[in-house]
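Let me begin by presenting the structure, written as structure tokens, before commenting on it.
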Amino acid sequence: MAESFIFSIVESLIEKLASRAFQEASEALDVYDHLREFENTLSLVKAVLLDAEKKQEHDHVLREWLRQLKSVFYDAQYVLDEFECQTLRKQVLKAHGTIKDEVSHFFSSSNPLVFRSKMAQKIKDVSKRLDKVAADRHKFGLRTIDVDTRVVHRRDTSRMTHSRVSDSDVIGREHDKEKIIELLMQQNPNDDDKSLSVIPIVGIGGLGKTTLAQFVFNDKRIDECFSLKMWVYVSDDFDINQLIIKIINSVNVADAPLPQQNLNMVDLEQLQNQLRNKLAGQKFLLVLDDVWNDDQGEEEKYPHLINIGKEIVKKCRGVPLAVRTLGSSLFSKFEANDYDFLPSYLRQCFALFSLYPKDYQFLSEEVAIHWGALGLLASPRKNETPENVVKQYLDELLSRSFLQDFVNFGTIYRFKMHDLVHDLALFVAKDECLVINSHIQNIPVNIRHLSFAEYNFIGNSFTSKSVAVRTIMFRNGAQGANVEALLNTCVSKFKLLRVLDLRDSTCKTLPRSIGKLKHLRYFSIENNRNIKRLTNSICKLQNLQLLNVSGCKELEALPKGLRKLISLRHLEITTKQPVLPYSEITNLIKLAHLYIASSHNMEPIFGGVKLPTLKTLNVADCHSLKSLPLDVTNFPELETLIVLLCVNLDLDLWKDHHEEQNPKLKLKVVGFGYLPQLVALPQWLQETADSLQTLFIRNCDNCDNLEMLPEWLSTLTNLKVLILSDCPKLISLLDNIHHLTALERLRIVGCPELCKKCQPHVGEFW
Ligand SMILES: *[C@@H]1O[C@H](CO)[C@@H](O)[C@H](O)[C@H]1NC(C)=O
């Protein structure tokens, strides 16, 4: 089996070694010379790696050589990680340590003297191993290629926009579309006829059935005809409960990434009732995407994953998706155009998609943090943020048609993956990623990323040859009696874990030993409805970048010692505490994104609290919340503000804090939704005129005054995206809307009066 990802691993090693922080640390520890030697050898090997990756297919000796190299690289990565951990540990001690901590540190294996000699030894060992393997490179007659030509140059992405399928994107399907719309709109002879009509669209995968259906789904005539539209993806593991849950959730799906209901524990009958209530009295259109019908002899089931890539090629001859996707394929067989290959750094990122379920709705944040946690993102260049780098990666994947249904929310993107592309990800990933079900007993030695799809086995009934697992995901929500045992096994077996995603799990406690996972960067236990306390040992995770306890509605308090999480950038919480532990949170020196959800006991948040690094604040579903004072002195970097579902929040309270502020808030994205107290757009938005690019307002049923938009809205001359949805009383647009010269996307839905007036060609405002 081909060895992949090697080039990107070596690149990240070299990058790390070259960083200033690293050089300083290595000097302090007196291992500088050793590391320079090591780096030199790495560069020599790197020079022939690209050629080697290409040629390995026909040369099993070369393949074995690459395998050995990769193993050395991974060990080296481990040594460098240890290094970083030590540096961080010193920082924590310096900032928050007590004398007791210092003393115990001195007597532990991380004592500086012990650490130094231990590290020096490890570096020498790994250097020696590399020298030995590297010496063989001359045997293979490899060419030196120093630049990965598969790299598409990183573009200025600020000018690229993507949206869902629009008319102009679809060619040659007008006729089919009209046919289907005609069928859908056929007058029912008997108006209170409760019959159900079904229109199947059939054909082989990749033909464009989904695109056609979307094309119809988004047609304005359909909006008029159906009061409710739902789109549901049906995966091959058909399950009636899951299907109903998806339908219920899709009723709620709209423009904003709203929290979805967790209905996993609800039984079939209740689900059916819920669904009945949602649909009662409405004429609805329900699209079931990807219903597989085994009777058609046309789909083959492929026994071996290994063949999937080849089979996809066969199967997709002449099919639009194939032309788009495989034209820019991953495999060296399609050598015709060298530039079209996926560059090696992206290949690894792409492979990780295989860990998620097929119909998964991705949010860029989650993916970005996962990539970042595994060290797969290039370091940002000057004037760039890590978010920019992520956007470039996604754009590149998008431009190769690996992603679809891409929606841009300003700073967050939502997308899906066609199931054939998902198969491709599985194929690319098989080297390192494994989806575990009850048939898999043994985790091979090369596996680095695990996703549990089933949990019906006793905690430790699987054996693992691999100890170097970096990712564990419980992708369908780990439920059942054995979850805690399984978790214990994982935590004690896999010491190098960087990503631990226990979403929707039912465990009541976390093992204390979780605090020993010193490499852990991503920890999520989102939507766990049982857990009341988190072990404080979590606060030992000095590498942690994401902590997600959102949706843990029983959580009584956040762990003590949060301030020690000096790498934390992204914090998502639900808590019963009436007051946030500010003294901890304000000490998080890297905190950039804070999400507070379903925390029903909080009345005000942030009176006078300073969060100087915060870029995103998202507050949702906090019933008691009355005020949310924000001002530029305390939130100088705030760019994104989203407030949803806070029934008692009065946004006008902010006015006082915003009188004549100088300098001004730098907000770029603002979204409000389901805020019954919102009676008019808050005045202070005016002050963001120099920066505001995206504004969405959703469901303002109760805002009696929101019949027209305020005149000052036309002063927001940087506004690119304006979305107004479900504001039924809104009857007029701005007179001066043409002053919004930067506007690229204006979307008005669920505002019937206004929509009528804006109808193309005939509407008063057209
Ligand atoms: C954190 O959990 C919430 C609740 O499930 C989810 O909506 C959100 O996307 C998660 N955040 C990340 C970054 O994964």
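Both ligands and their constituent atoms are indexed starting at 1 by order of listing. Side chains included, hydrogens not; waters and symmetry mates left out as well; all remaining heavy atoms used.
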Considering residues at least two apart in sequence or located in another chain, which fulfil the ring pair (Phe, Tyr, Trp, His ring centres under 6.0 Å) criterion with Y595? H570

Out of all atoms in ligand 1, which are within 4.0 Å of some heavy atom of I369? Include the element for each. 13 (C)

Salt bridge or not for E637 and K666, using N-O below 4.0 Å? yes

Under 4.5 Å between any side-chain heavy atoms of F415 and L394, yes or no? yes

Nearest to atom 2 (O) of ligand 1 by heavy atom, N548, N528, D504: which? N548

Show which atoms of ligand 1 fall inside a sub-4.0 Å distance from at least one heavy-atom site of E366. 14 (O)

Atom indices of ligand 1, in the order listed, that fall short of 4.0 Å to a heavy atom of S550: 2 (O), 3 (C), 4 (C)

Please assess F353 against F402 for the test ring-ring contact (aromatic ring centres under 6.0 Å, His included), listing each intermediate value before the final yes or no. CA-CA 11 Å; F353 287 132; F402 285 142; 9.1 Å; no

Under the ring pair (Phe, Tyr, Trp, His ring centres under 6.0 Å) rule, collect the residues that match up with Y356, sequence neighbours excluded. Y360, F362

Report yes if some N/O of H570 lies less than 3.5 Å from some N/O of ligand 1; otherwise report no. no

For E572, is at least one N or O under 3.5 Å away from an N or O on ligand 1? yes

